[in-house]
Amino acid sequence: MLVDVALPIPLPRTFAYRVPERVPDGTRVRVPFSGRKLVGWVVGESGTARELTRVRDVDRVLEETPSVSPDVLALCRWIADYYVTPLGMVLRGALPAVLSDTVRDRGPGKTRRVLRIVGELPTLTLRDETFGRAARQRECYELLEATGGKADLDHLTGALGFSASVLNGLLEKGLVEAGDERTQRDPFADIEVPVPVQHSPTEAQSAALEVLIAASRPSAHAPPLPRSTAHLLHGVTGSGKTLVYIELLREVVVRQGRGAIVLVPEIALTPQTVSRFRAEFGDVVAVLHSALSDGERYDAWRSLHEGTRRIAIGARSAIFAPVRDLGAIIVDEEHEASYKQSEAPRYHAREVAVVRAGMAGATCVLGSATPALESWHNARTGKYRLLRLPERVEGRPLPPVEIVDLRGEREAGDAAPVPRRGPLILSDRLIDEINERLPRREQCILLLNRRGYATFVQCRACGNVWHCEQCNVSLTFHRGRSRLVCHYCLHEEAPPVSCTECSSTDLAFRGIGTEQVEREVGELFPHARIARMDVDTTSAKWSHHDILERVGDGGVDILLGTQMIAKGLDFPNVTLVGVINADVAMNLPDFRASERTFQLLTQVAGRAGRGPLGGLVLIQTALPRHYAIQAALHHDYDAFAERELEERLGPGYPPHTRLVNTVISGTDENTVQDAAHASADWVLALLNDHHAQGTVLLTGPAPCPIDRIRGRWRWHFLLRSRSAGALGATCRQLQMKYELKPGRADLRLIVDRDPVSLL
Ligand code: ADP
Ligand code: ZN
Ligand code: ZN
């Protein structure tokens with residue numbers, strides 16, 4: 001018989017193969033495909049009577065029970081359709097890597113051989129040995145450290161290319177040991193889980209819970225699978241949203257015996273939230289962490305698939321967790337941009353959550369202190385049900401927020417195009433407030449959403465700014481490493497000593513980054529214990545955890561960092577939050593710039609005064625009257641939302657319309673420009689043919705705000721419509737019928753539906 005097989009390749013169709021006997025949908029198979037073997041999924045019987053001679057046999061049926069259950073398959077079909085992505089690519093993204101891995105095909109669940117660290121690396125000895133082998137040993141050891149103390153032996157010798165003699169050297173020195181591993185390993189198992197404190201819910205928490213619990217109980221009169229509505233839980237920072245999630249899960253998982261999914265923006269940044277769930281529900285929780293090895297990920301996935309664990313907690317991709325009898329989906333910090341995947345399938349996990357909950361008849365909760373305007377709009381128009389926690393728990397006030405006007409603090413000379421004086425980093429006001437708190441052992445958080453030391457290098461004589469050769473962005477100076485770094489392609493080079501244009505040696509390192517703040521703070525407060533948290537200080541596996549643990553234990557006086565430190569942290573001893581420069585994101589050429597700014601300020605302000613000591617927030621800005629900053633000043637989400645909705649009405653941006661960003665990129669500037677015009681014209685003709693010019697609007701084409709990344713030129717055009725259906729149909733036509741000739745410029749077309757960034 002013939003079946004349709006979805007393959008993880010970028011072709012928008014499935015392929016017919018012959019199987020000896022009926023195979024259920026969702027079963028993994030290996031098939032021959034243009035000279036290769038690929039792993040794909042049976043997604044249905046092949047209806048068409050194609051020329052049987054040309055249909056090839058399935059090479060092997062890889063499993064007895066399908067790895068993709070009917071509900072996950074249905075969800076993937078929806079994603080493939082909505083985000084115009086081939087079903088096979090969606091399925092690949094939905095499953096642990098070992099299940100779509102063609103090359104290794106190492107049967108999941110098998111024993112694997114690992115190398116584990118057992119000894120301390122004697123820093124001096126290995127560093128002093130100059131032989132190549134010792135250097136490789138050191139490299140290998142450090143890699144093990146970075147991956148949590150152990151790694152797959154196959155992976156080390158295979159993909160990473162460490163030779164047997166390097167590994168033997170480490171074994172002989174007693175630094176590592178080899179061993180077998182099979183048992184389910186939960187990397188969170190070693191982390192101490194606090195004994196949960198039972199609070200009795202506040203009135204607002206009870207009211208929200210009443211609605212949610214009623215929604216989760218299948219009513220006697222309704223059809224068996226009621227189409228659930230999503231709930232938007234708008235709770236100010238410190239209002240106790242986690243308690244609401246936990247009590248809902250107690251009902252759904254413990255009382256009703258069903259399963260649940262909890263999405264968090266990033267596991268490493270939300271250890272407190274994750275450990276609350278683990279403390280409450282113990283062994284039924286599977287934490288899907290990005291630092292899991294392929295094997296560990298598969299173990300966690302299998303425990304959910306088999307039903308031994310019933311709650312999946314994880315970032316974006318946990319929305320595909322094979323949870324059985326799904327009763328609830330929670331999306332914490334639902335406004336976070338990290339819920340959107342930046343490569344195909346370009347799905348938004350919040351939207352997928354609402355759809356999956358709808359399909360399963362599960363209760364869906366989207367929680368945030370600063371809901372995305374799209375969610376707010378849905379709550380306003382009745383598509384979602386709005387639940388509110390307007391106050392902090394135990395009658396604690398939201399912290400007073402004050403503005404430090406940077407315009408007043410600037411010296412007159414600073415107005416020159418390339419000022420000679422260094423920029424102001426901490427105002428006197430901020431310094432005074434920190435000085436007051438240090439002797440009282442209260443903690444301070446300082447936010448600057450820009451990493452590195454200086455965000456660009458400029459020649460004082462001619463104004464030349466150093467740019468990446470491959471990307472149209474300025475290079476950031478990293479002082480610790482003494483390198484200029486491109487934050488888009490990671491290209492690095494030595495910092496310049498003279499100008500490439502005019503040979504002047506008078507160079508300015510401009511634009512403050514977190515590294516510079518750290519240095520300034522260190523000089524101003526020499527006795528303070530300072531921790532910096534940004535991408536550069538957290539590349540090792542447990543570094544987030546270590547930093548946050550030190551803050552929690554009182555071992556840090558001043559925590560400074562990028563937006564990483566603005567996420568759900570709950571440290572009652574933090575009594576001051578300082579924003580070094582609130583305007584960083586404001587001037588980005590993106591219609592969400594104000595929303596991002598408001599969210600970041602409100603979230604970071606929410607870290608202050610969560611304990612009985614109270615707190616204060618100081619925002620340094622040169623735009624004190626901007627409505628996003630004014631709304632943050634008054635903790636007024638509603639005012640912000642109202643004004644922002646108005647601002648977006650004229651230009652017709654979401655949530656008033658649905659948006660698609662179509663990006664054409666390639667290695668030759670002119671070819672890309674021509675291709676962008678040609679594809680836009682093609683879409684216009686298509687709309688014309690369907691009399692849809694008034695329904696779907698096309699803007700552009702124009703160069704993208706960042707018009708070159710990794711050597712590829714980028715142009716885009718926007719499609720907008722009030723009708724999701726019309727927009728979807730247009731995207732599908734474009735994806736399936738429009739032929740972009742890749743040619744020598746290696747042209748590519750990306751259709752990004754509901755984009756979170758237009759850069
Ligand atoms: P949010 O996520 O809304 O910012 P959290 O869920 O982190 O807030 O809760 C903030 C703090 O309030 C936590 O330390 C939590 O233990 C505490 N808390 C939650 N609910 C209550 C309550 N009903 N009574 C007292 N304290 C509570
Ligand atoms: Zn110059
Ligand atoms: Zn670059």
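Remember, predicted model here, so these are calculated numbers, not experimental data. Read the numbers this way: they start at 1 and go in the same order the structure lists the ligands and their atoms.
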Q: Using modelled atom types only, decide if a donor and an acceptor are shared between the side chain of E644 and the backbone of E595 within a distance under 3.5 Å.
A: no
Q: Could you tell me if any non-hydrogen atom of S200 lies under 4.0 Å from any atom of ligand 1?
A: yes
Q: Give a yes or no answer on whether the side chain of T597 reaches the backbone of A593 with a donor-acceptor pair at less than 3.5 Å.
A: yes
Q.
What I want to find out is whether D557 reaches R441 closely enough, with some N-O distance under 4.0 Å, to be called a salt bridge.
A. yes
(Q) With rounding to the nearest 0.5 angstrom, report the SG to CG distance, C704 to N472. (A) 11.5 Å
**Q.** Subset of ligand 1 atoms that lie under 4.0 Å from at least one heavy atom of T237
**A.** 4 (O)
Q. Would you call R610 a ligand 1 contact, heavy-atom distance under 4.0 Å?
A. yes
Q: If you have a sec, work out which protein heavy atom is nearest atom 12 (O) of ligand 1 and how many Å separate them, to one decimal?
A: V393 CG2, 3.4 Å
Q. Among L233, V354, L263, I330, which residue meets the side-chain contact (heavy atoms from CB on, under 4.5 Å) test with L366?
A. V354
Q: Any atoms of ligand 1 less than 4.0 Å from a non-hydrogen atom of V236? List them with their elements.
A: 3 (O)
Q) To the nearest 0.5 Å, how far apart are CZ in R510 and CD in Q516? A) 11.5 Å
Q. To which of L389, T242, L569 does the heavy atom nearest atom 6 (O) of ligand 1 belong?
A. T242
**Q.** Ligand-side contact atoms (ligand 1) for residue partner T202, heavy atom cut-off under 4.0 Å
**A.** 23 (N)
Q) Does S239 have a heavy atom less than 4.0 Å from any atom of ligand 1? A) yes
Q: Indicate yes or no for a side-chain donor-acceptor contact from R310 to the backbone of V323 under 3.5 Å, with no hydrogens or angles considered.
A: no
Q.
Tell me how many protein N, O or S atoms are within a distance shorter than 2.8 Å of the Zn ion (ligand 3).
A. 4
(Q) With heavy-atom distances below 4.0 Å as the criterion, list the atoms of ligand 1 near P201. (A) 23 (N)
Q.
For atom 20 (N) of ligand 1, what's the nearest protein heavy-atom neighbour? Residue, atom name and distance, please.
A. Q205 NE2, 3.0 Å
**Q.** Check: G463 main-chain N/O paired with Q458 side-chain donor or acceptor under 3.5 Å
**A.** yes
Q) Will you find, in the side chains of T370 and Q603, an N or O donor that is under 3.5 Å from an N or O acceptor? A) yes
(Q) I need the protein N, O or S atoms closer than 2.8 Å to the Zn ion (ligand 2), given as residue plus atom name. (A) C459 SG, C462 SG, C499 SG, C502 SG
Q: Select the closest option to atom 4 (O) of ligand 1 among G238, P572, G611, judged by heavy-atom distance.
A: G238
**Q.** Check: H234 ring centroid to Y637 ring centroid under 6.0 Å
**A.** yes
Q.
By the definition side-chain contact (heavy atoms from CB on, under 4.5 Å), identify the one residue from H487, E493, H467 that meets it with L475.
A. E493
Q. Salt bridge between E492 and R481, side-chain N to carboxylate O under 4.0 Å?
A. yes
**Q.** Check: R708 side chain, E469 main-chain N or O, donor-acceptor pair, under 3.5 Å
**A.** yes
(Q) Strictly below 4.0 Å, N to O, side chains only: are R451 and E515 in salt-bridge contact? (A) no
**Q.** Protein contact to atom 14 (O) of ligand 1 [nearest heavy atom, distance to 0.1 Å]
**A.** D570 OD2, 2.6 Å
Q. Do you know which of I565, V556, L559 makes side-chain contact (heavy atoms from CB on, under 4.5 Å) with I547?
A. L559
Q | Atoms of ligand 1 close to L243 [distance to a heavy atom under 4.0 angstrom, numbered from 1] | A | 20 (N)
Q.
Can you tell whether the side chains of K567 and E336 come within less than 4.0 Å, N to carboxylate O?
A. yes
Q. Does any N or O in the side chain of R450 come within less than 3.5 Å of the main-chain N or O of I512, such that one atom is a donor and the other an acceptor?
A. yes
Q. In terms of residue, atom name and distance, what is the protein heavy atom nearest to atom 8 (O) of ligand 1?
A. G240 N, 3.2 Å
Q | Whether T273 lies under 4.0 Å from ligand 1, heavy atom | A | no
Q) Distance from D332 atom CG to R350 atom CZ, nearest 0.5 Å? A) 13.0 Å
Q) What atoms in ligand 1 come closer than 4.0 Å to a heavy atom of E394? A) 25 (C)
Q.
Quick test: of every protein heavy atom, which one is nearest to atom 22 (C) of ligand 1, and how far off is it to 0.1 Å?
A. H199 CB, 3.5 Å
**Q.** R396 N/O under 3.5 Å from ligand 1 N/O
**A.** no
